J.: 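Shown below is the structure under consideration.
From a predicted model like this one, the values you see are computed outputs, not experimental measurements. Quick note on labels: first sequence line is chain A, next is B, and so on, each numbered from 1.
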Amino acid sequence: MKLKPQLQALVSNALKRLVEENLLPEIDLPDINIDRTRQKEHGDFSCNIAMLLAKHVRCAPRDLAKLILDRLSAVGIVNKVELAGPGFINFFLTDEPLYQAIRDVISEGSEFGRTDIGVGQKVIVEFVSANPTGPLHVGHGRSAAYGDALARLLRAAGYQVCTEYYVNDAGRQMNILAVSVWLRYLELCGEEMDFPVNAYQGDYVWDIAASLHRSQGDALYRKISDVFVGVPPDEPLGGDRESHIDGLIERAQKLLADDYARVFDQGLNEITDNIRRDLVEFGVEFDRWFSERSLHNSGEMEKAIQTLESGGYLYEKDGAKWFRSTDFGDEKDRVIVRDNGQSTYFASDIAYHLDKLDRGFDRLIDVWGADHHGYVARVKAALQALNADRDRFEVLLVQFAVLYRGGKKLAMSTRSGEFVTLRELRSEVGNDAARFFYVMRKCEQHMDFDLDLARSRSSENPVYYVQYAHARICSVMVQLSEKKLKLANPADAKLELLTEQHEKDLMNELSRYPEVIEWAATNHEPHQIAYYLRELANGFHSYYNASQFLVEDKGLRDARLALIQATRQVLANGLGLLGVSAPESM
RNA sequence: GCCCCGGUAGCUCAGCUGGAUAGAGCAGCCGCCUCCUAAGCGGCAGGUCGGACGUUCGAAUCGUCUCCGGGGCACCA
């Protein structure tokens with residue numbers, strides 16, 4: 001059984017006795033905090049309940065602590081209890097829980113650390129969901145690494161987790177991509193033009209146009225003079241970039257008619273495939289890719305709008321249909337159907353989140369880029385209007401990652417095609433370093449991503465530190481067999497032979513792992529795992545430097561090997577949660 | 001102007017929902033390989049926790065104000 005709940009029960013029982021003895025009034029007891037201590041002199045765990053209650057019962061904290069302390073019943077794992085400082089109750093434990101941790105790791109293996117706080121709860125985690133208008137860049141990479149680690153963490157905490165990528169395969173941006181592809185295609189056919197400012201400029205557009213040209217030949221060719229007929233001028237000619245590109249979309253749809261879908265789908269499919277491959281190579285696989293278009297086709301979009309309409313939450317203004325989101329705390333009302341009859345992205349977003357709720361998820365978690373924070377209020381507003389519990393919906397905003405190379409900041413912009421892609425990052429620094437670096441920072445923290453540091457295969461690089469600990473342990477086991485020695489069943493090891501301080505410290509770290517998972521999962525903070533792993537690795541490296549594992553004494557040797565085997569297991573489990581490999585040699 | 005995020009050691013960041021003397025990595029300095037991988041270990045040095053006021057027995061943590069940096073405020077996605 002877990003340690004903290006045991007100690008909580010102990011304190012809780014003592015408080016009940018005080019109430020029975022009329023030394024404490026019957027009040028609502030606050031949660032009893034049991035914390036790991038920072039310093040050894042304070043024992044293993046401490047409780048601050050006396051200080052929290054002192055004021056309510058008008059009693060000096062230390063006096064109250066003494067009363068509680070005197071009523072704590074004796075429990076096997078508690079060696080000693082002390083009253084300390086302004087009123088802390090400090091628990092000193094026996095070594096038994098430490099040994100138990102090792103036995104647990106050995107018997108549970110890759111399952112060690114799992115907790116049950118999420119059992120029975122279905123949660124969907126949506127992340128990345130980048131528009132299929134270009135390759136993933138390093139910003140998406142952070143969302144991918146974070147979202148994936150979060151999903152793994154929630155699973156480890158017992159939640160039933162579904163991961164999903166929402167594909168924006170409808171809407172204006174996709175039309176802009178289609179036009180960009182088609183214009184490049186026309187250029188491949190020999191036409192010349194001023195490429196629109198607002199079109200996608202990246203080289204990948206050429207690639208898509210080229211494959212279109214290979215498969216379709218000149219079938220999609222139209223005279224360039226026809227294309228630009230009646231289209232408002234582009235920005236460089238004194239016009240407006242938005243109306244210019246919208247005009248081109250209209251012309252393309254008219255001139256290509258049914259063939260427009262070919263161009264559109266070529267762009268969509270090629271980029272989506274590319275994104276999917278990128279993510280798979282990065283170690284991120286989604287349970288489902290959810291198509292925005294499917295919401296249009298299934299009628300869910302229309303249904304969502306209807307529901308809002310009949311609830312009286314919509315009104316017409318300037319030819320558009322508005323949602324009264326200000327009624328639910330948003331700053332201003334939002335358009336959901338434009339005056340040209342097109343529904344907005346917001347409209348499909350409402351339908352999408354409604355769909356998630358219909359699928360029976362208890363909690364919806366969305367991981368968005370920080371630049372989307374303005375959308376949180378309106379989506380919550382919509383869900384509330386539709387009688388959904390808005391608190392079941394949670395958005396985690398991932399702040400930007402800024403790349404540095406040679407101490408210089410790298411500029412990025414999707415539209416202009418100037419960005420570092422996730423693929424480039426991975427090939428430069430490797431998957432492991434990329435994922436570890438991404439996940440080392442809490443998501444709401446702006447991140448400076450130092451490429452030189454991530455790339456360096458040296459001691460400066462934090463990811464190797466943890467991996468090295470794992471590899472070192474594997475290497476010890478290799479040495480063991482080279483010496484023709486064998487480890488008996490580690491479960492039978494005489495752990496009481498582990499008396500050195502480094503050994504106790506390391507065992508203590510191992511016993512802490514399930515608590516770290518629980519904390520990290522409830523707070524959606526995978527970075528806690530990264531920090532924990534660093535501390536665990538540090539505990540091991542110190543031990544390694546101080547003691548020899550492969551000693552003559554078989555009993556001691558087996559005990560030490562059981563300890564480092566357990567350490568290896570927990571390192572592997574933790575790295576696995578972050579999507580980082582645990583190499584057997586380096 | 002309004003909203004979100006950040007401001008902690010030279011640099012990059014943790015800091016367990018308000019606790020005991022604020023931590024780590026890197027950079028700097030000093031030590032440690034006849035010994036299971038030195039991608040390691042130990043030590044030294046380094047901080048007005050942006051600032052002010054407030055709440056509290058107790059504040060890096062909570063509240064208000066303020067300064068600085070990033071982002072967002074579309075009939076774009």
Side-chain angles (χ1 to χ4, degrees), chain A residues 31 33 35-39 41-42 46 48 51-52 54-55 60-61 84-88 90 130-131 133 168 170-174 176 242 292 317-322 331-332 334-340 342-346 348-349 369-377 397 399-400 402 404 407 440-450 453 456-465 467-469 471-480 482-483 515-516 518-520 522-523 525 527-528 530-531 534-535 537-538 540-551 564 585-586:
Chain A
D31 289 342
N33 287 326
D35 294 315
R36 293 252 173 191
T37 56
R38 218 173 246 284
Q39 288 143 275
E41 309 85 73
H42 297 149
S46 78
N48 65 353
M51 277 146 13
L52 291 179
K55 193 167 76 173
F88 289 103
N90 292 337
N131 287 340
T133 52
N168 289 112
R172 180 159 175 268
Q173 293 305 317
M174 286 307 296
I176 294 177
E242 303 293 344
E292 180 187 0
K317 195 181 90 183
D318 304 330
K321 205 166 269 194
W322 296 71
E331 292 175 337
K332 55 171 291 197
R334 310 290 175 177
V335 169
I336 67 170
V337 182
R338 296 207 276 159
D339 60 1
N340 62 10
Q342 281 195 337
S343 52
T344 59
Y345 175 86
F346 179 41
S348 19
D349 234 8
D371 52 335
H372 286 63
H373 98 263
Y375 291 84
V376 179
L397 298 172
Q399 295 291 332
F400 292 164
V402 179
Y404 287 84
M440 253 188 333
R441 305 276 172 259
K442 51 185 177 188
C443 69
E444 65 263 39
Q445 173 78 247
H446 297 115
M447 181 164 70
D448 287 337
F449 195 121
D450 186 339
L453 180 60
S456 74
R457 304 183 56 79
S458 72
S459 56
E460 310 170 313
N461 197 328
V463 66
Y464 294 124
Y465 184 82
Q467 290 183 317
Y468 183 48
R472 261 185 159 177
I473 296 170
C474 293
S475 172
V476 171
M477 300 315 287
V478 170
Q479 294 287 326
L480 180 76
E482 280 177 0
K483 290 188 178 177
E515 292 163 29
V516 175
E518 199 165 308
W519 182 264
T522 47
N523 294 295
E525 293 180 342
H527 75 275
Q528 298 285 357
Y531 278 89
R534 154 156 273 294
E535 279 160 32
N538 178 246
F540 169 74
H541 286 310
S542 300
Y543 181 33
Y544 182 99
N545 269 61
S547 307
Q548 191 76 14
F549 306 139
L550 302 176
V551 292
I564 67 169
S585 68
M586 289 175 70

J.: Using a 4.0 Å cut-off on protein heavy atoms (strictly under), produce a 5'-to-3' string for nucleotides 54-61 of chain B with B for base contact, S for backbone-only sugar-phosphate contact, and - for none.
T.: ---B----
J.: Touch check for A:A546, heavy atoms < 4.0 angstrom, all strands: base, sugar-phosphate only, or nothing?
T.: nothing
J.: Any strand counts, and the cut-off is 3.5 Å on both contacts for Watson-Crick or G-U wobble. Which nucleotide pairs with B:A59?
T.: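 Result: none.
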J.: Across all strands shown, which nucleotide pairs with B:C26 by Watson-Crick or G-U wobble geometry, both distances under 3.5 Å?
T.: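 B:C26 is paired with B:G10.
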J.: Please work out if A:E535 contacts a base, only the sugar-phosphate, or nothing of the nucleic acid, heavy-atom cut-off 4.0 Å.
T.: nothing
J.: Which is true for A:Q445 with a 4.0 Å heavy-atom rule: it touches a base, it touches only sugar-phosphate, or it touches nothing?
T.: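 Answer is sugar-phosphate: A:Q445 comes under 4.0 Å of backbone atoms only.
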J.: For A:S348, answer base if it contacts any base atom (sugar-phosphate contacts may also be present), sugar-phosphate if it contacts only those atoms, and nothing otherwise; contact means non-hydrogen atoms under 4.0 Å.
T.: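 No contact.
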J.: Looking only at heavy atoms, what is the nearest atom pair of A:A471 and A:M586, with distance?
T.: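 That closest heavy-atom pairing would be CB-CG, 3.9 Å.
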J.: Can you check the distance between B:C26 and B:A45, where both ends of the measurement are the C1' atom (answer in whole Å)?
T.: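 One C1' to the other, the span is 15 Å.
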J.: Should B:C65 form a Watson-Crick or G-U wobble pair with both distances under 3.5 Å, which nucleotide is its partner?
T.: B:G51
J.: Taking 5.5 Å and 30° as the limits, would you call A:H527 and the base of B:A14 a stacked pair?
T.: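 Here A:H527 fails the 5.5 Å or the 30° condition.
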J.: For the side chain of A:Y531, starting at C-beta, report the closest nucleotide among B:A14, B:C36, B:G6.
T.: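 Of the options given, the side chain of A:Y531 lies nearest B:A14.
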J.: In the structure shown, which nucleotide is the Watson-Crick or G-U wobble counterpart of B:C73, with both distances under 3.5 Å?
T.: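 WC or wobble partner is B:G1.
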J.: Quick one: label A:K442 by what it contacts on the DNA or RNA (base, sugar-phosphate, nothing), any heavy atom closer than 4.0 Å.
T.: sugar-phosphate
J.: Heavy atoms only, 4.0 Å cut-off, all strands: where does A:H541 land among base, sugar-phosphate and nothing?
T.: sugar-phosphate
J.: Examine the base of B:A20 for any acceptor or donor lying under 3.5 Å from a partner atom in the side chain of A:D35, and report the outcome as yes or no.
T.: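 By the distance-only test, no, there is no pair.
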J.: Among all residues two or more places apart in sequence or in another chain, which pass the ring pair (Phe, Tyr, Trp, His ring centres under 6.0 Å) test with A:Y544?
T.: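 If we apply the ring pair (Phe, Tyr, Trp, His ring centres under 6.0 Å) test to A:Y544, skipping adjacent residues, the hits are A:F540, A:F549.
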J.: So, A:N48 side chain and A:M51 main chain: donor-acceptor pair closer than 3.5 Å or not?
T.: no
J.: Paired with B:C36 by Watson-Crick or G-U wobble geometry, both distances under 3.5 Å: which nucleotide is it?
T.: none
J.: Is it the case that the side chain of A:W322 and the backbone of A:K317 share a donor-acceptor pair, with hydrogens and angles ignored and the cut-off at 3.5 Å?
T.: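 Yes; judged by distance alone, with no hydrogens or angles, the pair exists.
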J.: Can you check whether A:Y345's main-chain N or O pairs, donor with acceptor, with A:D349's side chain at less than 3.5 Å?
T.: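 Answer holds: no.
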J.: Base, sugar-phosphate alone, or nothing: which one does A:N90 contact when heavy atoms must sit under 4.0 Å apart?
T.: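 Since a base atom lies under 4.0 Å of A:N90, the category is base.
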J.: Which letter, B, S or -, goes with each nucleotide of nucleotides 70-75 of chain B from 5' to 3', with contact meaning a protein heavy atom under 4.0 Å?
T.: BBSSSB
J.: Using a heavy-atom cut-off of 4.0 Å across all strands, would you classify A:S542 as base, sugar-phosphate, or nothing?
T.: sugar-phosphate
J.: Which nucleotide, if any, forms a Watson-Crick or G-U wobble pair with B:G31, using both distances under 3.5 Å?
T.: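 B:G31 is paired with B:C41.
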